[in-house]
Structures are given as structure tokens and as C-alpha cells.
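Heads up, the thing below is written out as C-alpha cells.
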Number of protein chains: 2
Amino acid sequence: MARSRNTEQKIFDAATELFLEKGVDRTSVREIAAKADINLALMNYYFRSKENLFSAIFSSLVKTNSEELIRILDSNLELEEKIRQYVSVYIDMLSENPLLVSFVMAILHRSRERITEMKAVSSLYATEKFTQQVLEEGKKGNIRRTDPSQLFVDMLSLIAFPFAIKMLIIDKNNFTDKDFQVFIKERKKRIPEMLIDSLRLKP
Amino acid sequence: MARSRNTEQKIFDAATELFLEKGVDRTSVREIAAKADINLALMNYYFRSKENLFSAIFSSLVKTNSEELIRILDSNLELEEKIRQYVSVYIDMLSENPLLVSFVMAILHRSRERITEMKAVSSLYATEKFTQQVLEEGKKGNIRRTDPSQLFVDMLSLIAFPFAIKMLIIDKNNFTDKDFQVFIKERKKRIPEMLIDSLRLKP
DNA sequence: TTTTTTTTTAAAACATTGTTTAAAACAAAA
DNA sequence: TTTTGTTTTAAACAATGTTTTAAAAAAAAA
């Protein structure tokens, strides 16, 4: 008979929440068991080890949140519109899951091996078409000649970093969570403008 | 007599290195003791607890690396030059200590209480003059009217984030460490241009 | 030198972690 | 119902973590 999807899912969900909130290393399996309201040993029964559970969760998170972004990057949209959509979708995604950036960065710092797992799924590794477009438009003289890698890192930085320092921004500006949302929403307009500005040919 | 600065320093230095490299939670006090070549109990003798040691190190790191930045922000340089210098100095600093960003972010994710400790020292909290300049230049019509907080976050993001995802950038582009340095050096020109571009009045 | 204080040591106490075991409870199939 | 296989449980285990203790060694003060 199929394993109780119910219990397995309960563990997965509880662990996801805790890992995002407190980080993997500060979350004990006992805590996960308590939150999932299951017996301690069931974690090992279903996932063999904590590290394994973490790996499953990490892959799932990255994958879930990358598919749409990859689709945009691979699409035939013209460069400007592609940038607008990528920024918009990415920011919406992170707004819904603001802990994601910190989590991924913590993992990046914690276990470099995890990089491999990201390759297959992260939108960072799906920039071929984007790169090609930037080079082509540059050649045509439609935009300033630009290193596509730099442009992509700019974009990523402007999108993601504010979420990584969310707490600092909130604290510094005496923001409520709502204020932060407004702040971020503003960036959905601001970032594409900035990037496209930087591509515009000087008169 | 004063406590043996020597031993205390040895512990401090060994722990700093390990915390930066592997993160606080994955560094054991036994490891610190081994690396510092001291008896295990001395860590407690000098710093009372691992958490306390960490706190000392964190404050020191943030402080050391913020003083010059704060000085620039508080200076009377005109806005454009201030941006150029801030970016340049900040990038140089992170280049010398590339693990700093990941470390601070991991901490931000790990212990929100630490935010308090940053207030007194982080350059993020010394933007008063900068803010004032942006508003003033905007009023005078010398630059586009801009939310200073947004501009500052842009600047910070463009500077810091690439270091946080250094491993991804290296891996994705098949960079050597030297390549990464070149990539970053390029950004020292690129970032100020981008920011100043975004402030320029449209024709 | 003797006394006092500071620093270092080895040992062990103590807590918590992730994992395993072996039996019990349960559900499905025969 | 009996059998079979799956899921759950409580308890134990082994490893590793941090902190404390109490005595030894070293250094400074008297």
C-alpha cells in the first residue's frame, strides 16, 4: 500500500515552515515532530535523515519558484518586455514568500554542494536566450553594448537583495509590514525603468 | 594584571575565521579550541559562552567595516562623487573579505536580535545626509526626484548581492576566482554609472 | 621567599542532537 | 478470522555539543 501521504506531507510542511523561519541548523527533528504532531521516529521512517528531508524541501522550493521565471527567460518576448515581466513575476513571488531569499542564501553559505541541485532548476542557469538577445540588440545598435552577465546580476540584485535585508529596511524606516509591501511594489516599476535606462543609447 | 591578550586574541581570531567560513551553528567550540590551539575551557573563561563570543565578533566585524563608509556618507562630497566613492570603497572592502555578506545575511536570518547591535555601527543607519542631499538636488531640479530610501537600497543591492551569490556566479560562468575579481572590478565603474544615469533628468 | 592572583589544564557533568530499535497498533488482503 | 504488510510508538543509543568544576601551573605582588 502507498505510504500515508498524509503523514509524509505533514512532516514536509512543518519542516518547510521551520527551515524557512529558523534555518536548517537551528531546527531540531524533535521540533519538526512536535509541529507536525507526529512521532519522532517517523521523520526517519519517511525521509531517512534530516539532511535528506532538507534536500527534498530545498529542491522542491527552488523548483516551484523557478519554473515560471525560466519560462519567461526562454520566451520570445522582446528584451524590454522580458525584463519587465521577469522583474514583476519575481517580485510577486518573493512577496508571497519573503523568507525565500534569506533561506537560499543561508544554504548557499552552509552547503556549497547544494549548488549542483540548483543547476537544473534555478532561473539563474537559464539565461542563454536572454544573453543572446542582449548581444544581438547591442550589435544592432538598439541598445548600448552591455555584458549580459552583468545586466542579469544587476537585475537579480535589485530584485532579491531587499528581501534579504527586509528586517533592516523595516527597522531603519520604522516600517510596518504593509509599508514594506508598498516599498517593494514601488520597486516593480522602478527596477525595470532603471535597467532599461541603463541600456538606452546616450544621445 | 590584564588578561592574556594573547590567548583571548587567539580564540577571537580562530573563531572569526571559522564563523565566516562555516557559519556559527556549524562551528563547534571544540573546533575553535583546536584551531586556536588552546584548552577547551578557555573559551568559557574569556567569553563566558559561544553565543557571547559570536556577539563580540559580529559587532567587531560590522564596526570595522562600517566606519569608513559612514564617514563617506556623512561627508560634504557632492552627491555624484559621494555615490562613486561609496560604491568603490564598499566593493574594495567586500573584495578583501568576500564572506562578509553571506555571514551578515546568515546572521540576519538566524538572530533578528542582532539588528540592534548593527544600529550603532552599520552604514545603513547613517543615511541622513545622503537622504537630505537627494531631496535637495531633486528640489533644485538638478536630478530627477527620487525616493532616497529606494536609491540607497538600489546601491546596496548592486554592491552587496553579487558577493552573496559569488559561488553561483563562479559556477555558472565557469569563472576562476580571478575572473570573479575582474567581474567585480567592472562593477565598480558600472554601478555608479547606472545609479547616476537613473538620477539624470529625462530630456 | 612566601603569598596572592591570574591563567591554564584535564576531567567530567550535563544537555541536546540525530538516529535506531523492537514491539505495538493498525489496515488491507486472503 | 487469520495473515500479511504498513505505520506508529516509546525507549534507548551514540555522538557531539556546551559548560562547569576543581586542581595545577604560572605570573605578579608582598
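Chain identifiers are assigned alphabetically (A, B, ...) following the order of the sequence lines, protein sequences preceding nucleic acid strands; residue numbering begins at 1 within each chain.
- Donor-acceptor pairing under 3.5 Å is lacking for the side chains of Asn39(A) and Tyr45(A).
- Look at CG on Asn6(A): it is 18 Å from P on dT6(D), rounded to the nearest Å.
- Here the CD1-OG distance, from Ile70(A) to Ser122(A), works out to 7.0 Å after rounding to the nearest 0.5 Å.
- Across the protein-nucleic acid pair, Leu18(B) atom CG and dG17(D) atom C1' stand 15 Å apart, rounded to whole Å.
- Side-chain contact check for Lys82(A) and Asn76(A): no donor-acceptor pair (N or O, by modelled atom type) lies under 3.5 Å.
- Taking atom CD on Glu8(A) and atom P on dT8(D), their separation rounds to 10 Å, with Å as the unit.
- Salt-bridge check for Arg190(A) with Asp147(B): failed, with every basic side-chain N at 4.0 Å or more from each acidic carboxylate O.
- For Asp37(B) and dT8(C), the CG to C1' distance is 13 Å, given to the nearest whole Å.
- In this model, the phosphate group of dT7(D) is not approached by any side-chain N or O of Asn39(A) to a distance below 4.0 Å at OP1 or OP2.
- How far CD1 of Ile169(B) is from CG of Asn174(B): 13.5 Å, rounded to the nearest 0.5 Å.
- In terms of heavy-atom proximity, Leu40(A) sits nearest to Ala33(A) at CA-CB, 3.9 Å.
- A salt bridge links Asp25(B) with Arg110(B): the closest approach of a Lys/Arg side-chain nitrogen to an acidic carboxylate oxygen falls below 4.0 angstrom.
- Atom C1' of nucleotide dT17(C) and atom CG of Asp25(B) are separated by 13 Å, given to the nearest angstrom.
- Counting to the nearest Å, the P atom of dT16(C) and the CD atom of Glu31(A) are 12 Å from each other.
- Listed by first residue number, the stems of DNA chain D with at least three Watson-Crick or G-U pairs below 3.5 Å are C:1-30 with D:1-30.
- No salt bridge links Arg71(A) with Glu67(A); every basic N to acidic carboxylate O contact stays at or beyond 4.0 Å.
- Residue Thr7(A) places none of its side-chain N or O atoms closer than 4.0 Å to OP1 or OP2 of dT7(D).
- Environment of CZ in Arg48(B): sparse, with no more than 12 heavy atoms of neighbouring residues, nucleotides or ligands closer than 6.0 Å.
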Fill in the blank from the handout: With B for base contact, S for sugar-phosphate-only contact and - for none (protein heavy atoms under 4.0 Å), nucleotides 19-26 of chain C reads BBB-----
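- Rounded to whole Å, the distance from CG on Leu42(A) to P on dT8(D) is 5 Å.
- Rounded to whole angstrom, the span from the CZ atom of Phe54(A) across to the P atom of dG18(C) amounts to 14 Å.
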